[in-house]
Amino acid sequence: MEEKRSRNFIEERIEEDIRNNKNDGKVITRFPPEPNGYLHIGHAKSICLNFGLAETYNGRCHLRLDDTNPTKEETEYVDSIQEDIKWLGFDWQDHIYYASDYFEYIYECAVVLIKKGLAYVDSLSAEEIRKFRGTLKEAGKESPFRNRPVEENLELFEKMKNGEFKEGEAVLRAKIDMSSGNICMRDPVIYRIQFSHHHRTGDKWCIYPMYDFTHCLSDSTEGITHSICTLEFENNRALYDWVLENVGTEHRPQQIEFARLNLNYTVMSKRILLQLVKENHVSGWDDPRMPTICGIRRRGYTPESIRDFAVKIGVAKADNVVDMAFLEHCLRNDLNKKANRVMAVLEPVKVIIDNYPDGKVEYFKAVNNPEDENSDSREIPFSKELYIERSDFMEDAPSKFFRLAPGREVRFKFAYYLTCTSIEKNASGEISVIHCTYDPATTGGWSEDGRKVKGTIHWVSAAHALKAEIRLYDRLFTKENPGNVEEGKTFLDYLNPDSLKVINNALVEPSLKNSNPGDIFQFERTGYFCADNREFSGNNLVFNRSVSLKDSWSKIENKN
RNA sequence: AGAGGUAUAGCCAAGCGGUAAGGCAUCGGGUUUUGGUCUCGACAUUCCUAGGUUCGAAUCCUAGUACCUCUGCCA
């Protein structure tokens with residue numbers, strides 16, 4: 001069956017180009033991150049788009065590190081970028097490039113413009129250039145250096161390259177139109193002087209090309225057919241086209257802009273993300289609360305769920321804020337099919353079965369995943385003393401409460417029907433022991449007489465359970481749009497103080513001892529959890545909650 | 001009288017002159033050894049507004065309105 005998914009506007013354009021045999025029908029895209037930070041879920045949308053397009057149109061997608069500003073970029077980031085893209089499941093094969101690979105070529109292009117009288121060395125200071133640029137409503141003024149003769153420009157540019165000027169003393173500008181309504185076209189700076197060590201070219205250069213000059217030339221030289229970027233570059237497209245036109249490149253890629261992803265209750269700003277890390281508001285770039293790819297990976301998100309999300313949110317040009325619940329839905333949807341079920345009690349309260357023999361241990365068979373026909377089963381120990389979730393017992397329970405309460409019978413999953421007979425409390429009035437009796441005729445959690453039991457709860461055997469540390473994560477911010485800061489506040493004021501809750505004394509079934517970092521489970525009735533990929537070991541059970549299960553009981557509860 | 005964009009449900013998003021897809025969320029019913037999953041049903045007489053063209057307009061035209069981006073030697 002052919003899937004009739006409708007095309008997004010970029011696919012429509014590409015298909016039109018293919019129909020017209022533009023670029024000989026080829027499709028070559030690229031993902032061009034600047035290696036100055038970690039990739040986040042917004043980048044994931046772009047990665048899925050660019051690599052996905054290449055896949056569906058039998059083309060290819062390049063990875064290009066856009067490293068034209070040596071003061072901001074580090075190799076730590078280029079490594080993490082590659083790791084994250086691979087993890088998402090995409091492959092650039094041998095098409096990894098660096099803008100810095102093209103510095104020589106880009107320099108020559110600048111010389112071409114100078115020779116055509118379309119670029120000049122400006123000796124105005126940065127401040128003066130800013131003043132001369134004009135405003136949104138008023139035209140700019142031409143620099144007094146604008147009409148230097150070609151020869152002089154060539155000489156001065158050479159001197160810039162040779163380090164004969166200090167930083168800020170001179171820049172190379174394209175000569176376009178100081179009165180353009182598009183400020184990008186008011187003689188944009190295309191080269192600046194920076195005496196910084198570059199992570200790849202070392203100290204070879206002291207002049208570096210600006211984004212607008214670099215990006216289009218890089219795209220062109222790589223044979224990119226569709227250069228897909230976010231909306232804020234729409235104004236830059238005129239300059240993109242101007243440069244290629246006037247340098248006279250053979251190949252002219254088409255820039256197409258789409259709306260970037262925004263998610264509520266989090267931020268995508270690199271600046272803010274960096275600040276969260278630097279000021280230790282989170283434990284690092286891969287803190288499971290971070291929207292970074294490494295963060296959500298550590299949280300337990302799967303590549304499949306993120307790719308599914310990227311497809312489901314679509315691609316368009318309208319500004320958007322996607323609900324976090326959408327992302328969570330995609331994760332649950334994926335994990336429901338994949339994650340083995342396991343019993344874990346987060347907030348334990350003891351249960352003693354008074355009529356169960358002392359010292360007896362039974363093993364019950366438990367299916368690992370009822371949603372997966374091929375899944376196996378395991379044996380779980382059961383004994384006289386158990387632990388259940390504190391929230392699964394209520395002393396004074398309403399009729400809608402389907403769990404354990406005095407006099408009520410519930411199913412202990414896979415084991416028996418138990419009825420609560422009495423409770424013990426400690427000095428502070430807290431329930432310390434729940435006494436029950438079991439019905440030996442309900443082995444496996446099923447009764448031949450057909451009587452129904454309203455609730456089924458999970459449990460662990462006190463003698464066999466393992467202690468675990470469980471980290472409950474919640475949204476990082478309390479505000480839907482933390483980037484929208486009110487007067488007199490900063491985004492830090494919106495940090496959610498309850499975004500991390502650590503439980504040190506959770507009890508989990510013994511089978512979990514054999515799991516590995518990164519393994520994902522569904523803790524029956526509570527949520528999806530993954531073994532922490534940094535701190536988990538067989539002797540140190542640490543689980544992160546990826547996402548809770550949908551909880552319709554809490555809705556009922558909250559209504560009352 | 002700056003330039004460039006965008007407006008369809010609480011959110012995302014199809015629609016391309018023939019009478020408003022789908023998903024998320026929400027609300028109800030059924031199934032269920034997870035209050036999960038699955039399943040069934042409800043959820044825009046109306047598409048930013050106002051005019052116009054047309055037998056017929058979310059789609060075409062005109063005039064407005066709102067919001068976003070741009071005044072780095074960042075990308």
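So you know, we letter chains A, B, ... as the sequences are listed, proteins then strands, and number each from 1. Because only heavy atoms are used, hydrogens play no part in the values below, and waters and symmetry mates are left out as well, while side chains stay in.
- Both thresholds, 5.5 Å between centres and 30° between ring planes, are not jointly met by A:Tyr211 relative to the base of B:A75, so the two rings are not stacked.
- One N or O donor and one acceptor, one from the side chain of A:Glu12 and one from the base of B:C16, sit under 3.5 Å apart.
- We find that CZ of A:Arg186 is positioned 15 Å from P of B:C70, with the value rounded to whole Å.
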Polar atoms only, N or O, under 3.5 Å: list the protein pairs with nucleotides 20-27 of chain B and their distances.
| unit_1 | atom_1 | unit_2 | atom_2 | d |
| --- | --- | --- | --- | --- |
| B:U26 | OP1 | A:Lys555 | NZ | 3.0 |

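- Of the charged side-chain nitrogens involved, none lies within less than 4.0 Å of a carboxylate oxygen, so that A:Lys337 and A:Glu304 do not count as a salt-bridged pair.
- Under the Watson-Crick or G-U wobble criterion, with both distances below 3.5 Å, B:G4 is paired with B:C68.
- For the residue pair A:Ser511/A:Glu509, the side-chain donor-acceptor check at 3.5 Å is satisfied.
- Counted by atom type alone, A:Glu76 and A:Tyr38 present one or more donor-acceptor pairs between their side chains at under 3.5 Å.
- Counted by atom type alone, A:Arg475 and A:Thr266 present zero donor-acceptor pairs between their side chains at under 3.5 Å.
- The partner of B:U49 is B:A63, by the rule that a Watson-Crick or G-U pair needs both atom distances under 3.5 Å.
- Under the 3.5 Å distance criterion, with hydrogens and angles disregarded, a donor-acceptor pair is assigned to the side chains of A:Ser447 and A:Asp449.
- For residues 118-132 of chain A, proximity to RNA chain B is found at A:Leu124, A:Ser125, A:Ala126, A:Ile129, A:Arg130, defined as any non-hydrogen atom under 4.0 angstrom from a strand atom.
- Residue A:Glu74 contributes atom CD, which lies 16 Å from atom C1' of B:A75 at whole-angstrom precision.
- With a glycosidic angle no further than 90° from 0, B:G72 counts as syn.
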